[in-house]
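Input: a single structure, listed below in structure tokens.
Remember, it's a predicted structure, so these values are computed and weren't measured experimentally.
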Amino acid sequence: MTRCVRHPLCLTVAAALALTAAPAFAQSAQTFEETVFFGDSLTDAGFFRPLLPASAQPVTGQFTTNPGLVWSQYLADYYGTSASPAWLATSPTTPPRADTGTNYAVGGARVGTDSTGALGSTPSLNSQVTAYLARTGGKANPNALYTVWGGANDLFAIVAGAPVQATLTGAVTTQVGIVGRLQAAGAQYILVPTIPDLGITPSFRAQGAAAAAQGTALATNYNTALFTALSTQNLRVIPLNTFTFLQEIVANPGAYNFRNVTGTACQPQITAQSLTCNPTSYVTPDAASAYAFADGVHPTTAAHKLLSDYAVATIEGPRQIAVLPHSAASIGRARADLLADQLDARQGVDGSRIWGDVRYDNQRYKRGMAGDGFDGDGVTLTAGYDRRSNALVYGVFGNIGRQDIDYGARRGDYKQKEAGIGGHVGWHGASGWVDGHIGWTRLDFDINRDVWLGPAMRTHTGSPGGDNLSAGISGGWRFQHGKLSHGPVVRVLSQHIDIDGYTESQPELSTALAFPDQKFDSLQGSLGWQADLQLGEHVQVFARATMDREFEDTPAQAYAQVTSLPNTMPFAVPGVKFDDKFVTLASGVRSQVWGLDVSGGSSVTVADVGGSNLSLYVSVGKRF
């Protein structure tokens with residue numbers, strides 16, 4: 001250790017590491033303020049439970065393998081919201097009473113036709129939405145996630161003898177109208193799953209090949225008509241291709257730890273009623289996790305969890321890709337700061353200089369309750385030539401680098417590769433200086449988006465390109481007090497980042513997405529104070545603190561398209577929010593070793609809600 005302290009080169013590196021500040025940590029923020037559900041038995045969170053025997057209510061009341069959850073409850077739990085009933089049945093002959101939740105779904109509900117079932121009044125999806133808007137004064141929360149999932153009971157009515165075309169058209173028209181009503185009231189994010197392939201459910205299978213084919217055809221026709229009408233009316237929704245997703249599960253059940261996809265977890269086989277199904281009526285003790293279907297058409301709680309996983313992956317996918325411009329901008333900022341520091345150090349004798357540096361960068365962002373974020377690092381090599389003549393300094397530079405970023409939460413990772421060139425010019429007086437630069441960087445990404453569906457994992461890949469055109473200016477003033485100089489510093493950096501759109505691998509799968517081009521303009525300003533202290537003939541330490549501001553807004557929404565539903569439009573989800581005000585602390589050491597200019601330093605952002613950016617570098621230059 002003593003020998004290291006005495007050696008200028010070792011001192012440079014050690015001091016840079018020692019002066020590095022700790023990164024800031026995240027604060028939680030919700031993706032959605034609430035989740036609101038309209039639907040039928042697939043989404044129902046216990047509407048009819050009060051009508052069941054009181055002793056049985058703790059382990060019955062939902063259309064699955066009770067007391068397990070349904071997909072809406074899993075989804076709400078993921079986003080830190082609620083899926084508890086918004087109303088409850090009171091008796092077979094009286095209207096439901098209001099409850100405090102946001103799940104309006106009712107088992108047996110049709111899309112536009114109110115009905116009366118064995119347990120009494122069954123409000124349609126249209127009536128559910130009417131009840132919601134009456135409660136909210138006609139306004140829909142624009143920051144909520146809505147689900148409108150219906151139509152299966154209308155198809156069951158067709159199977160029972162209702163007129164085919166009139167029933168299907170009426171249900172589709174009403175569901176499209178529901179989406180329009182919600183959007184007109186202010187809703188931005190509406191999840192619309194397809195009707196699953198009814199033909200591969202135990203109920204339709206048990207009736208023979210003709211009935212199974214009819215179930216598949218009815219679901220196909222309904223889904224096609226629904227999403228064609230939504231697109232025709234320019235109503236953007238978040239589609240879930242549950243039709244194909246169920247087919248994928250049935251085709252390879254072992255991947256999802258299912259050993260049975262044709263029978264029912266509840267007894268009696270096929271004709272069981274999942275509303276009252278509970279562990280005493282399971283086929284086997286592990287039936288809730290080993291079977292895909294609870295009864296003839298309703299999923300087990302394990303299958304409901306898969307549906308929730310699928311919904312989360314579809315919503316979060318665009319948000320993952322939306323971090324790429326921010327990642328590119330963060331590295332661009334670190335590159336610009338390093339160049340400004342190189343020019344700031346260009347004091348004294350006229351002449352030429354070549355220089356090179358290696359920079360380590362770490363990016364960290366952990367903000368959302370849903371686990372959105374990333375964490376990773378990489379190395380960038382930069383080299384340059386500059387010349388000073390009197391007060392004029394000018395030169396060129398180039399860089400190559402790579403970042404390896406993990407999304408966290410088992411979402412996958414991406415590699416960000418860069419190669420760029422640029423030039424700079426500035427004026428350096430006895431006390432003040434000003435420098436400007438312009439640069440272009442080619443961006444290449446290799447993205448692995450991991451989709452976890454229960455125990456099964458799929459990886460969708462893509463390799464979009466892009467570029468970053470940047471321009472910056474920096475300046476400052478020095479007040480000299482013996483060996484100490486200090487003064488104000490100001491920096492402004494503009495970046496225009498363009499990332500190409502792409503379609504993920506395996507586009508035929510229900511989970512695959514396509515992403516459009518992303519264009520992002522960043523304008524950052526920094527104002528602060530810096531100081532240099534001469535410790536000896538060849539050693540100088542420096543420090544800088546700046547208040548930083550991003551003047552451009554990050555995109556409010558992120559976009560994607562479900563590739564397995566070609567008739568659907570691109571959909572939007574909430575964008576990833578980054579703090580636009582933060583503080584940057586930088587410090588380091590400059591020295592001369594064997595005729596070379598050697599420096600090392602670090603910078604870190606602090607008070608950056610949700611994340612931080614850390615850079616460490618070592619630079620070597622030669623004057624001639």
Side-chain angles (χ1 to χ4, degrees), residues 34-44 47 72 86-87 95-96 102-116 121-158 162-196 218-243 311 562 565 567-572:
E34 58 180 344
T35 45
V36 184
F37 299 92
F38 309 107
D40 51 30
S41 53
L42 290 173
T43 309
D44 187 339
F47 178 82
S72 56
W87 51 6
T102 56
N103 190 333
Y104 290 81
V106 177
R110 294 179 62 177
V111 177
T113 303
D114 294 333
S115 58
T116 301
S121 173
T122 306
S124 66
L125 270 70
N126 198 46
S127 294
Q128 295 168 25
V129 174
T130 298
Y132 165 74
L133 292 176
R135 179 182 291 188
T136 63
K139 301 295 184 181
N141 183 352
N143 299 315
L145 174 66
Y146 298 84
T147 296
V148 179
W149 193 6
N153 289 305
D154 294 272
L155 299 188
F156 295 154
I158 292 173
V164 177
Q165 196 58 48
T167 303
L168 190 149
T169 300
V172 167
T173 300
T174 303
Q175 188 167 355
V176 173
I178 287 171
V179 172
R181 287 176 66 193
L182 289 171
Q183 290 189 357
Q188 295 189 89
Y189 309 111
I190 304 176
L191 193 69
V192 179
T194 63
I195 293 179
L218 285 172
T220 299
N221 292 338
Y222 189 96
N223 294 334
T224 300
L226 173 62
F227 285 100
T228 298
L230 288 169
S231 296
T232 299
Q233 297 191 30
N234 199 34
L235 295 172
R236 295 180 181 270
V237 298
I238 305 170
L240 288 185
N241 190 358
T242 58
F243 183 95
V562 176
L565 289 173
N567 292 330
T568 59
M569 302 169 64
F571 65 89

Q.
Per the salt bridge (charged side-chain N to carboxylate O under 4.0 Å, His left out) rule, what does the pair list look like for residues 141-155, sequence neighbours excluded?
A. Arg110-Asp154
Q: Mind jotting down which residue pairs meet the salt bridge (charged side-chain N to carboxylate O under 4.0 Å, His left out) criterion with at least one end in residues 121-149? Sequence neighbours excluded, please.
A: none
Q) Do Thr102 side-chain atoms and Thr35 backbone N/O form a donor-acceptor pair below 3.5 Å? A) yes
Q: Kindly say whether Phe47 contributes a backbone atom to a donor-acceptor pair with the side chain of Trp87 at under 3.5 angstrom?
A: no
Closest non-hydrogen atom pair, [X] against [Y]:
| X | Y | answer |
| --- | --- | --- |
| Leu240 | Ala311 | CD1-CB, 3.7 Å |
| Ala109 | Leu125 | CB-CD1, 4.1 Å |
| Val111 | Gly151 | CG2-N, 3.4 Å |
| Ala229 | Val176 | CB-CG2, 3.7 Å |
| Asp44 | Gly107 | OD2-N, 2.9 Å |
| Gly108 | Thr122 | C-CG2, 3.6 Å |

Atom [atom1] in [X], atom [atom2] in [Y]: separation rounded to 0.5 Å?
| X | Y | atom1 | atom2 | result |
| --- | --- | --- | --- | --- |
| Ile158 | Asn153 | CD1 | CG | 11.5 Å |
| Phe227 | Asn567 | CZ | CG | 9.5 Å |
| Asn223 | Leu565 | CG | CG | 8.0 Å |
| Ile178 | Ile190 | CD1 | CD1 | 10.0 Å |

(Q) Is the shortest side-chain heavy-atom distance between Leu182 and Val129 below 4.5 Å? (A) yes
**Q.** Sub-4.5 Å side-chain heavy-atom contact between Ser124 and Thr113
**A.** no
Q: Under the side chain to side chain contact (heavy atoms under 4.5 Å, CB included) rule, collect the residues that match up with Thr220, sequence neighbours excluded.
A: Thr216, Thr224, Phe243
Q: Under the side chain to side chain contact (heavy atoms under 4.5 Å, CB included) rule, collect the residues that match up with Thr147, sequence neighbours excluded.
A: Phe37, Trp71, Trp149, Leu191, Pro193
Q: Check the pair Ile238 / Leu145 against side-chain contact (heavy atoms from CB on, under 4.5 Å), numbers first and verdict last.
A: CA-CA 10 Å; Ile238 305 170; Leu145 174 66; 4.1 Å; yes
(Q) Parallel, tilted or perpendicular, judged at 30° and 60°: which one describes the rings of Phe38 and Tyr146? (A) parallel
Q) What residue pairs, at least two apart or across chains, pass side-chain hydrogen bond (donor to acceptor under 3.5 Å, both in side chains) with a residue in residues 230-240? A) none
Q) Taking only residues at least two apart or on different chains, which pairs with a member in residues 166-195 satisfy side-chain hydrogen bond (donor to acceptor under 3.5 Å, both in side chains)? A) Asn126-Arg181, Thr130-Arg181, Gln165-Thr169, Gln175-Tyr222, Gln188-Gln557, Tyr189-Gln557, Thr194-Thr242
Q.
Between Gln128 and Val106, is the side-chain contact (heavy atoms from CB on, under 4.5 Å) condition met? List the steps.
A. CA-CA 9 Å; Gln128 295 168 25; Val106 177; 4.1 Å; yes
